[in-house]
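Let me begin by presenting the structure, written as structure tokens, before commenting on it.
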Amino acid sequence: MHKNLLQQPLLFGNEESQTFTNLTALVDNIEPHVTSVSSRNEQECFYKYSQIKVNDIKVTSELLSYFEVGAVVNSHSLLIALDGHYEIKTKKTSHQAYKAHGLIIPPTSEIPLSSSRNEMTSGLVINFDLEHLNKTSLIMRGEPIDRTSIQPISLQINQVDFLHLLLALVAQINGVNGNTQLLALNGFDDQCYRLLVMMMQPEFFLNAKPTQQDEVIISKDFIKMIENYLEQQVHRPINVTQLQEYLGLSARGLQYATNKYFGCSPRQYLNNKKLDLAYELLRDINNQKTILEISSDLGFSSQSRFTTFFVKRFGLKPSEIVKKRVIG
């Protein structure tokens with residue numbers, strides 16, 4: 001089984017991943033998070049993982065063969081089974097996570113966690129700060145979230161595939177080669193928190209309508225306020241939660257307003273405005289800054305990412321705009 005598992009890719013960080021095929025080595029190297037490991041067949045024990053931390057969000061992609069582990073959980077966690085399944089079984093309760101389902105796990109001294117018995121389990125673990133999560137929830141006009149016991153969570157609600165959204169978000173890690181500074185610049189942690197809030201309180205966000213307060217702000221001051229915000233933040237990374245807090249809108253209200261006035265999401269609108277400014281700078285004959293300097297000044301995580309967005313919006317590469325300016 002080890003050979004087959006070694007060939008299986010993780011969601012990110014395959015080159016930097018760590019692999020353990022010995023029970024003792026696993027306990028010794030994953031301490032203090034793993035306190036004990038047992039397996040029906042020690043030779044089949046296998047654990048491979050890659051982990052990344054962006055501010056107070058920690059993401060782990062893992063592959064494992066059947067074993068039982070005593071795991072210490074130091075922060076709130078979302079455990080998702082991508083293939084196979086996990087089980088947490090105590091004397092009183094049993095919780096299982098299958099594909100498209102997960103478990104919210106609060107901090108605990110130790111939990112008995114096991115994986116699939118005769119197949120590989122592929123999983124994704126997101127550790128988050130509950131205080132940060134609640135601050136984001138309140139700004140989004142949700143309710144305080146209190147998770148003091150293990151609770152199941154569905155990742156497919158009505159027509160919304162939260163698992164697909166989550167995997168698309170995690171794909172950003174490979175997009176910047178695991179550079180945590182670039183991920184932070186792109187607001188990776190804020191995107192994680194917003195998605196977690198919506199997953200845990202779908203009733204507030206999937207069918208919600210703009211509040212009466214939203215309607216007042218949108219009808220009177222929205223265009224002016226969002227333009228003022230952009231002037232202040234144009235050289236910083238996009239943070240939708242900060243924009244929402246600045247405007248005083250609920251999550252649904254902000255989404256509704258940008259769709260109404262601009263025909264796109266809040267993040268896309270802010271991105272487009274930055275790209276428009278970049279376009280004008282590149283055309284300016286008096287501009288002495290390079291493409292890299294402009295993309296960095298406007299808060300894009302990398303020049304390649306900036307170029308991708310630029311081509312999608314204008315159908316031309318930034319270098320083509322500079323070339324036209326020079327020739328013209």
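For the numbers below, each heavy atom of this structure counts, side chains included, while hydrogens, waters and symmetry mates do not.
- Of the inter-residue distances, the one linking Lys48 atom NZ with Ser17 atom OG reads 4.5 Å to the nearest 0.5 angstrom.
- Counting heavy atoms from C-beta outward, Lys53 and Thr180 have side chains that stay 4.5 Å or more apart.
- Residues Ile153 and Leu167 share a hydrophobic cluster, clusters being chains of Ile/Leu/Val/Met/Phe/Trp/Tyr side chains in contact below 4.5 Å.
- Residues forming a salt bridge (charged side-chain N to carboxylate O under 4.0 Å, His left out) with Lys289 (at least two apart in sequence, or on another chain): Asp297.
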Trace of the side-chain contact (heavy atoms from CB on, under 4.5 Å) decision for Val311 with Leu316: CA-CA 5 Å; Val311 171; Leu316 294 170; over 6 Å; no
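- Side-chain contact check for Tyr86 and Gln96: no donor-acceptor pair (N or O, by modelled atom type) lies under 3.5 Å.
- The closest side-chain heavy-atom distance from Ile111 to Ile105 is below 4.5 Å.
- In this structure Asp189 satisfies the side-chain hydrogen bond (donor to acceptor under 3.5 Å, both in side chains) test together with Asn55, sequence neighbours excluded.
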Could you pull out all donor-acceptor pairs under 3.5 Å where a side-chain atom in residues 168-178 meets a protein atom, sequence neighbours excluded?
| unit_1 | atom_1 | unit_2 | atom_2 | d |
| --- | --- | --- | --- | --- |
| Gln172 | OE1 | Asn186 | ND2 | 2.9 |
| Gln172 | NE2 | Gln191 | OE1 | 3.2 |
| Asn174 | ND2 | Leu11 | O | 2.8 |

Using the side-chain contact (heavy atoms from CB on, under 4.5 Å) rule, take Leu165 and Val160 through it: C-alpha gap first, then chi angles, then the decisive distance, then the call. CA-CA 9 Å; Leu165 296 174; Val160 180; 4.3 Å; yes
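- Ser50 and Glu16 share no donor-acceptor pair across their side chains, judged by distance under 3.5 Å alone.
- In this structure, the side chain of Asn134 engages the main chain of Ile145 through a donor-acceptor pair within 3.5 Å.
- Checked by atom type and distance alone, the side chain of Asn14 never pairs as donor or acceptor with a backbone atom of Pro9 at under 3.5 Å.
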side-chain contact (heavy atoms from CB on, under 4.5 Å) for Leu196 and Leu78? Distances and angles first, verdict last. CA-CA 9 Å; Leu196 286 169; Leu78 170 62; 3.8 Å; yes
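- If you take OH on Tyr193 and CG on Leu133, they are separated by 7.0 Å, rounding to the nearest 0.5 Å.
- For the pair Thr148 and Asp146, the tightest heavy-atom approach, listed with the atom from each and the gap, is CG2-OD1, 3.3 Å.
- Judged by distance alone, the side chain of Tyr279 and the main-chain N or O of Phe314 form no donor-acceptor pair under 3.5 Å.
- Listed by first and then second residue, the side chain to side chain donor-acceptor pair (under 3.5 Å) pairs that reach into residues 238-247 are Asp190-Thr241, Arg194-Thr241, Arg194-Gln244, sequence neighbours excluded.
- In this view, Phe306 and Phe300, Phe310 satisfy the ring-ring contact (aromatic ring centres under 6.0 Å, His included) rule, not counting sequence neighbours.
- Side-chain contact check for Tyr269 versus Ile226: some heavy-atom pair is nearer than 4.5 Å.
- The two residues Pro318 and Thr307 come nearest to each other via the heavy atoms CD-CG2, 3.8 Å.
- Contact record, Cys264 with Asn259: O-OD1, 3.0 Å, taken as the closest heavy-atom pair.
- Residues Thr258 and Ser265 approach most closely at OG1-C, 3.7 Å, considering heavy atoms.
- Between the NZ atom of Lys99 and the CG atom of Leu155 there is a distance of 11.5 Å, given to the nearest 0.5 Å.
- The shortest side-chain heavy-atom distance between Ile218 and Leu249 falls under the 4.5 Å cut-off.
- Between the side chain of Ser137 and the backbone N or O of Glu143, at least one donor-acceptor pair lies under 3.5 Å.
- Using a 4.5 Å cut-off on side-chain heavy atoms (C-beta onward), Tyr256 and Asp214 make no contact.
- Annotation: side chain of Phe222 is in contact with side chain of Leu254 (closest heavy-atom distance under 4.5 Å).
- The heavy-atom pair separating Val125 from Glu62 by the smallest distance is CG2-OE2, 4.0 Å.
- For the pair Gln156 and Phe162, the minimum side-chain heavy-atom distance is 4.5 Å or more.
- A 4.5 Å side-chain heavy-atom check between Ser115 and Leu64 finds at least one atom pair inside the cut-off.
- In terms of heavy atoms, Val73 sits closest to Pro106 at CG1-O, 3.7 Å.
- In this structure, OG in Ser61 is found 6.5 Å from CG in Leu124, a value given to the nearest 0.5 Å.
- If you check the side chains of Ser94 and Glu87, you find a donor sitting under 3.5 Å from an acceptor.
- Hydrophobic clustering (ILVMFWY, side-chain heavy atoms < 4.5 Å, transitive): Leu247 and Leu138 are in distinct clusters.
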Would Val59 and Val54 count as a side-chain contact (heavy atoms from CB on, under 4.5 Å) here? Give the steps. CA-CA 8 Å; Val59 182; Val54 181; over 6 Å; no
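- Between Phe46 and Phe20, the distance from one ring center to the other does not fall under 6.0 angstrom.
- Within the 3.5 Å criterion, the main-chain N or O of Lys89 finds no donor-acceptor partner in the side chain of His95.
- Judged by distance alone, with hydrogens and angles left aside, the side-chain atoms of Ser154 form no donor-acceptor pair with the main-chain N or O of Ile157 at under 3.5 Å.
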Please determine whether side-chain hydrogen bond (donor to acceptor under 3.5 Å, both in side chains) holds for the pair Thr60 and Gln51, giving the CA-CA distance in whole Å, both sets of side-chain angles, and the decisive distance to 0.1 Å. CA-CA 4 Å; Thr60 305; Gln51 191 174 85; 2.8 Å; yes
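- From Met120, atom CE reaches atom CG of Leu82 across 9.0 Å, with rounding to the nearest 0.5 Å.
- Taking SG of Cys192 as the reference point, atom CG of Leu166 lies at 7.0 Å (rounded to 0.5 Å).
- Residues that satisfy the salt bridge (charged side-chain N to carboxylate O under 4.0 Å, His left out) test with Asp276, not counting sequence neighbours, are Arg313.
- At distances below 3.5 Å, not a single donor-acceptor pair connects side-chain atoms of Glu280 with backbone N or O atoms of Leu277.
- Note on Ile139 and Val197: separate hydrophobic clusters, where clusters join Ile, Leu, Val, Met, Phe, Trp and Tyr whose side-chain heavy atoms are under 4.5 Å apart, directly or indirectly.
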